[in-house]
Each structure stands twice: as structure tokens, then as C-alpha cells.
Peer 1: 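Once you've had a glance at the structure underneath, I'll fire off some questions.
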There are 2 protein chains.
Amino acid sequence: MQHSLKTIFPNFSNELIATIEENGSLQDFEAGTILMRTGQYIKNTVLITKGKIKIYREGEDGGEFLMYYLQPGQACAISMICTAKSEKSQIMAKVVEDVTVMMIPLQLMDKWMMEHRSWYEFVIETYRSRFEEVLEVVDNIAFRSMDERLEFYLKRHSDACGCSEVNLSHQEIATELNTSREVVSRLLKKMEQRGLVKLNRNQIELLNFNH
Amino acid sequence: MQHSLKTIFPNFSNELIATIEENGSLQDFEAGTILMRTGQYIKNTVLITKGKIKIYREGEDGGEFLMYYLQPGQACAISMICTAKSEKSQIMAKVVEDVTVMMIPLQLMDKWMMEHRSWYEFVIETYRSRFEEVLEVVDNIAFRSMDERLEFYLKRHSDACGCSEVNLSHQEIATELNTSREVVSRLLKKMEQRGLVKLNRNQIELLNFNH
DNA sequence: TTAGGTCTGTGATAAATGTTACTGTAGATT
DNA sequence: AATCTACAGTAACATTTATCACAGACCTAA
């Protein structure tokens, strides 16, 4: 394996790593694949080792309201919560950059909680961080107007990729914020006039985003 | 004890109940008490045995955006998540009806996960149900307009109390939906005209809420 | 019963956002 | 080069929500 699990999940104990390698199955999925649908039953806990997955809530009109992204070293909190009770998922998960994931059968996820301290801590920390992220999302839509939300959205993207270019069309952004392209275009134009961004085709350069 | 823990938390094993009674401390709080503030460190996991607690997100302007209510038999998911890592809370918790809660020191909450299967299951189920509730909140503010959100809000209230009267002023409702009183008044009036509710002072009777 | 408070209703207006319609531009395809 | 398509900009207008202003209803306490 090119990148060992131990590198990606440094807090896992060696025994846990060994157990995962023995019992889990590595799978690849292409960008665009939908890994989880609203209402679907979940049979596995998913650990991301490569790529990027988008967790979103689907609107009746086809909106894809962004909750958060999952990246290497992270796990899908929903898949953990649901597997524990074998419940239906309430969200959608779509691959946005080709991923490799480690699938762990639900019984094991549950069993390891008792046997591996580092697994237990990882699961709890996953719950906590995802819960917090969703709370931040609520904050934004409840209290902020679209221009602030757009700024926050762009900031999250650049934080996530570590660069200052966001390669998305206005339409894609609009979909994830559940608004219309025109609104995004307008607001971006204003941001450009304020010197916050530079607009190119399919790309937004963030300039003074140190706030 | 008037209502035994076993009645309120029927899924707890007898040993767990005994351990809780031995190590936890019962405390009463009056309506209006703020049990948890944004940014505050959390030292206890909280089980509700009587009364009602409101979990909300505070806006800069004093808005109290409702996330959900906690009632007897439930526990504060945030307090569990945060205690596990002794993290700061990201929400506010306010007593809305005089409560009695069982406070459990954080080390025990963590320890019991390994020792008591019924505690483990309770914690996981708490995570799951609260996460889902927050997702539903996101759904509402992301995809629905104020009139739909108001209907949903009223429905949740009547579901929670089991009756069809909601005893709140328009101002209180507006605060929890982060809108203004006038908007709530107007929308309620329209709902009255549609025969959905009957409006009294400090009370809204739900009529045909079977949808 | 009067006075003061809270709660509710409603009109007028402003601001934010959504919608429609149209234009132009860059890049890909033929 | 001609054509096609996705993307971006923008004006005009509709709708929703927020804000301001004010009046009447109800309740409580003096």
C-alpha cells in the first residue's frame, strides 16, 4: 500500500491497524459516484484514505445543500451512527474527487468500540467534529445573509484544499448554497469590487481572506 | 424518589441504574436557568429526569435559534461529546420548565461506555437522534420558507407536549425562528384564515395538523 | 377605574433574494 | 471558420422577509 493506514490515521494503535487491514475492504470509487442516499440503509462504516467526499442534504428541487467534506483521515459520522442501530441515513454522500475508502462491516465497528481504545476515541472525535460542523452550518443559514455565507463558503473551500483558488462554476456554488446562479454572480462581482477575489472562468482567486 | 430512574430510562440495566444512583448527583434548576453557554467547558453529562431544556444557538443580536428540546429520558448529546474530550460547548442550554437532572462526571461517562452495554447504546442512540434532529433543522432553514418553517415549528411543539395548544407569544416564536414578531403575527393570521389554527392571547390552538 | 405593561394586528416601506430574459465570451467540436 | 455549449454578466421585475410606525386588546396593579 502506497500510503499506509498508520500514516493516514496516526492515532490508531498498531493492533487496531492490523485488525482493520484484516477485516476491512479497500474500495475505489470515481468522482460522481453516490455512496449514500437519503433513506438508504447503511451496512458499512466508511474511512476515507484518499480523495474527497461531499456530504449534503438533497432538496426536492435537486438542491445539494452542502454540509461538509470528508477527506483522508476522516470517517463518515452518519455511517457510524446509523450502523450502530442499522438505521436509514438522512443525507447524501457523493464522491467529488476519486476516493479510496476502507469499508468496515457494522458489527465490527460496534465490537471495536469495546476492544480498541483508539477506535473508541476516533469515533467520539468524529461525532464531535461533525456535529460541530453542522452546528456551524446552522449558524450560517440562520443568522447570516447570502453575502456572508458565500464568503464563508469560499473560505472553507480554500482551507480544505490548502490553496487560494476555488475551481467551481457559479452554478455549482449556487447549488450548494441553495440559491441561484445570478445571485452568486452578483455577490461575487461585488466581492471583486471590494478587492476580495479575482474572477476567472471556472475559478475564483481569493485575495485578502485573512479574516 | 418519586419517579425511579428505571421508569424514565427503561433501557438501562439494573447495574447501570445502581451505578448512576451511586455516582451521579440529582440537581434541580428553575425555569430560566442557563445550564450551558457557548464557549463554556463542560464537566458533566446531563440526564434529564424531569422538566424541559431548550438547546439553541445564540445569535449576536440575542436571537435564540431553536435546535431542539430535551425531555425526561433524554440526555444532552453535546455534553456527552464534549465531556469525552473536555471540549467547549458550541451551544446554549436553557431550562424552560423546572428540571431535575442527573449530573454524571465526565470520567464516568467515558468509563461506562466500556462497562455497560446499555449505557453505550443509550449514548449512541442519543448521538444519532440529536444529529438527525439538527439535520432536520438544516433542511428547514435551507429549503423552506418562513410559513412552512412556522408550521413545522408548531407541529414540533405540539408533538413534544402531546397537546394541541402552544402557549407562546408571537415574540417568543419569532426569537426561536430568528425572524420578527410582525412576520410571525402575519403568517399566523394567514394560517388562521386557512383554518389551521385558532389564535388566542399567548396561545395557539392547532386544528387540522394531520399532515 | 385608571394607568401601565405586554401582546397582537396591520399598513407602509425598505432591503434582500429569487426569477426571467437576454447578451456576450471562452473553449470545444465539426 | 462556423457552430455549439457552458459559463458569466446584468437589467428588470416579482416575491419574500425585515423594519418602522402606530393602534387596539387584554391583563395587572395601584
Side-chain angles (χ1 to χ4, degrees), chain A residues 31-32 59-66 138-154 157 165-206, chain B residues 31-32 59-66 138-154 157 165-206:
Chain A
E60 287 134 1
D61 53 349
E64 300 192 354
F65 193 85
L66 175 66
V138 172
D139 245 36
N140 275 293
I141 34 180
F143 296 120
R144 318 235 171 266
S145 52
M146 200 49 92
D147 53 352
E148 291 178 286
R149 287 174 55 198
L150 179 57
E151 280 192 37
F152 181 80
Y153 173 90
L154 293 175
H157 261 271
E165 286 96 41
V166 177
N167 298 301
L168 294 168
S169 71
H170 297 184
Q171 181 58 67
E172 289 175 289
I173 297 173
T175 303
E176 299 205 324
L177 291 172
N178 196 50
T179 180
S180 67
R181 181 192 62 77
E182 293 87 333
V183 171
V184 172
S185 287
R186 262 201 294 262
L187 294 176
L188 281 173
K189 211 66 200 166
K190 277 189 204 159
M191 288 175 66
E192 189 174 45
Q193 282 156 12
R194 285 195 291 147
L196 286 174
V197 296
K198 182 163 181 319
L199 301 178
N200 306 311
R201 191 184 172 86
N202 272 318
Q203 190 192 62
I204 300 161
E205 289 175 50
L206 311 191
Chain B
E60 286 134 1
D61 55 347
E64 300 191 354
F65 193 85
L66 176 66
V138 172
D139 246 34
N140 276 293
I141 36 180
F143 297 119
R144 319 233 170 266
S145 52
M146 199 49 89
D147 53 352
E148 291 178 286
R149 287 175 54 198
L150 179 57
E151 279 191 39
F152 181 79
Y153 174 90
L154 294 175
H157 260 273
E165 286 96 41
V166 177
N167 297 301
L168 294 167
S169 71
H170 297 184
Q171 181 59 66
E172 289 175 288
I173 296 173
T175 303
E176 300 205 322
L177 291 173
N178 195 49
T179 180
S180 67
R181 181 195 60 77
E182 294 89 328
V183 171
V184 172
S185 287
R186 266 200 282 266
L187 293 175
L188 281 173
K189 210 65 199 170
K190 277 187 204 159
M191 287 174 68
E192 189 174 44
Q193 283 156 12
R194 286 195 291 146
L196 287 174
V197 296
K198 181 164 183 316
L199 301 178
N200 306 311
R201 190 186 173 84
N202 274 316
Q203 190 193 61
I204 299 161
E205 290 174 50
L206 311 192

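FYI, side chains are in, hydrogens and waters are out, and symmetry mates aren't considered; it's all heavy atoms of this structure. Residue numbering restarts at 1 for every chain, and letters A, B, ... go by the order of the sequence lines.
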Peer 1: Between atom CD in Glu182(A) and atom C1' in dA14(D), what is the gap in whole Å?
Peer 2: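 The answer, rounded to whole Å, is 14 Å.
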Peer 1: Quick test of your reading of the model: are Arg194(B) and Glu151(B) salt-bridged, counting only N-O distances below 4.0 Å?
Peer 2: yes
Peer 1: Roughly how many Å is it from CZ in Arg144(B) to C1' in dT15(D), rounded to a whole number?
Peer 2: 19 Å
Peer 1: If we only count heavy atoms from C-beta on, is the Thr179(A) to Val184(A) side-chain gap below 4.5 Å?
Peer 2: yes
Peer 1: Measuring to OP1 and OP2 of dA18(D), would you say a side-chain N or O of Thr179(B) lies under 4.0 angstrom away?
Peer 2: yes
Peer 1: Between Gln203(A) (CD) and dG27(C) (C1'), how many Å, whole number?
Peer 2: 16 Å
Peer 1: Between dC7(D), dC26(D), dG9(D), which one does the side chain of Arg201(B) approach most closely?
Peer 2: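 The closest nucleotide is dC26(D).
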Peer 1: Return whichever of Asn200(B) or Asn178(A) has its heavy-atom-nearest nucleotide of DNA chain C closer to the 5' end.
Peer 2: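 This one resolves to Asn200(B).
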Peer 1: Would you kindly give the CZ-to-C1' distance between Arg181(A) and dT20(C), to the nearest whole Å?
Peer 2: 11 Å
Peer 1: Name the nucleic acid region contacted by Asp147(A), choosing base, sugar-phosphate or nothing; use a 4.0 angstrom heavy-atom cut-off, strictly under.
Peer 2: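 The answer is nothing, as Asp147(A) stays clear of every strand by at least 4.0 Å.
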Peer 1: Let's see if you can work this out: which of dT19(D), dC7(C), dG18(C) has an atom nearest to the side-chain heavy atoms of Ser169(B)?
Peer 2: dC7(C)
Peer 1: Provide, to the nearest angstrom, the distance between the CD atom belonging to Glu192(B) and the P atom belonging to dC7(C).
Peer 2: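 Result: 19 Å.
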Peer 1: Could you state the CZ-P distance from Arg186(A) to dT19(C), rounded to the nearest angstrom?
Peer 2: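 Answer to the nearest Å: 11 Å.
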Peer 1: For a 4.5 angstrom cut-off between non-hydrogen side-chain atoms, does Glu165(A) reach Asn200(A)?
Peer 2: no
Peer 1: Please confirm whether the shortest side-chain N or O distance from His170(A) to OP1 or OP2 of dA6(D) is below 4.0 Å.
Peer 2: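 His170(A) to dA6(D) OP1/OP2: no side-chain N or O under 4.0 Å.
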Peer 1: How long is the line joining NZ of Lys190(B) and P of dT8(C), in whole Å?
Peer 2: 18 Å
Peer 1: Starting the side chain at C-beta, find the nucleotide from dT25(C), dG18(C), dT10(D) nearest to Met146(A).
Peer 2: dG18(C)
Peer 1: If every non-hydrogen atom of Leu177(A) is compared with every non-hydrogen atom of Met146(A), which pair is closest and at what distance?
Peer 2: O-CE, 4.1 Å
Peer 1: Can you tell me how far P of dA25(D) sits from NZ of Lys189(B), to the nearest Å?
Peer 2: 13 Å
Peer 1: Describe the nucleic acid contact of Ser145(B) in one word from base, sugar-phosphate, nothing, applying a heavy-atom distance below 4.0 Å.
Peer 2: sugar-phosphate
Peer 1: Does this structure show an ion pair linking Glu176(B) with Arg149(B), if we count only N-O contacts that are shorter than 4.0 Å?
Peer 2: no
Peer 1: Of all the nucleotides listed (dG9(D), dG9(C), dA26(C)), which has the minimum atom distance to the side chain of Leu199(A)?
Peer 2: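 Among the listed nucleotides, the one closest to the side chain of Leu199(A) is dG9(D).
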